Undergrad: 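Shown below is the structure under consideration.
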Amino acid sequence: EAQVTQNPRYLITVTGKKLTVTCSQNMNHEYMSWYRQDPGLGLRQIYYSMNVEVTDKGDVPEGYKVSRKEKRNFPLILESPSPNQTSLYFCASSLPSTGLNSPLHFGNGTRLTVT
Amino acid sequence: DAKTTQPNSMESNEEEPVHLPCNHSTISGTDYIHWYRQLPSQGPEYVIHGLTSNVNNRMASLAIAEDRKSSTLILHRATLRDAAVYYCILREPNAGGTSYGKLTFGQGTILTVHP
């Protein structure tokens, strides 16, 4: 089944403890992206990647890092999480990277709580 | 970035048609109009997209104004399972035309379907 898989689904951590949220897709998609969703603010893009080793900032990149070493994986790294990064995170992918008419496929989300 | 404007909420009765409007007055000629919906506790899912002509698929229809400054998502017979937040977004290249990766979601329209 074609899908975008995020892990973990739920994560509770403490301020300053480095964490990684994984995202994997099995559709050979070039484009991948991370969003956070907060009440009243909708979905905001954090980072995106057009292809392996190509990443760029979205609207809210501060406090986050990403890497794209393989086409299928696009992990989101929080080096020193803070409470304002408590949010619902979504990963998405699409094919091809320059396809303005390519639908996005989203994962089921990761709910992160930073205390 | 081109932005979209949608009503905060709409209501419908089951088995009646629903017309969800979206304004995108700053749209440019190469921007595609995409619609996604988000069911409770799930990631957004693709509904439909178009460029200039009206589009139909098994889920919905998309009517695009002749000047492309607005569009309407049409659910022909609403069901209780269509209750969701509907997002209208523009998939657009960046200013230099070198990247198609940045996406901006608005607040979306909360659709309530009454039995």
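Computed from a predicted model, the values in this text were never measured in an experiment. Every chain is numbered from 1, with letters handed out A, B, ... down the list of sequences.
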Undergrad: Test of understanding: clusters of I, L, V, M, F, W, Y form through side-chain heavy atoms closer than 4.5 Å, transitively. Do Ile89(B) and Ile74(B) belong to the same one?
TA: no
Undergrad: Kindly check if the number of other-residue, nucleotide or ligand heavy atoms within 6.0 Å of CZ (Arg9(A)) is above 12?
TA: yes
Undergrad: Count the heavy-atom pairs under 4.5 Å between each of Gly43(B), Gly108(B), Gly50(B), Ser41(B) and chain A, then report the option with the highest count.
TA: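 Option with the top pair count is Gly43(B).
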Undergrad: Is Tyr10(A) reachable from Tyr35(A) through a run of hydrophobic residues whose side-chain heavy atoms are each under 4.5 Å from the next?
TA: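 No, it is not one cluster - the side chains of Tyr35(A) and Tyr10(A) are not joined through contacts under 4.5 Å.
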Undergrad: Where do Gln37(A) and Tyr87(B) come nearest, in terms of heavy atoms and distance?
TA: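 Scanning both residues completely, I find the closest heavy atoms to be NE2-OH, 3.1 Å.
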Undergrad: Hey, quick one: are Tyr31(A) and Phe105(B) part of the same hydrophobic cluster, counting side-chain heavy atoms closer than 4.5 Å, chains of contacts allowed?
TA: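 Yes; Phe105(B) is reachable from Tyr31(A) via cluster members.
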Undergrad: Can you tell me which portion of Gln6(A) sits under 4.5 Å from chain B's heavy atoms? Options are side chain, backbone, both or neither.
TA: neither
Undergrad: Is atom CZ of Arg44(A) surrounded by more than 12 heavy atoms (other residues, nucleotides or ligands) closer than 6.0 Å?
TA: yes
Undergrad: Mark yes or no for whether Tyr36(B), through its side chain, and Leu104(A), through its backbone, hold a donor-acceptor pair below 3.5 Å.
TA: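 Such a contact is found between Tyr36(B) side chain and Leu104(A) backbone.
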Undergrad: Answer yes or no: is there a donor N or O on one side and an acceptor on the other, between the side chain of Glu45(B) and the main chain of Phe106(A), under 3.5 Å?
TA: no
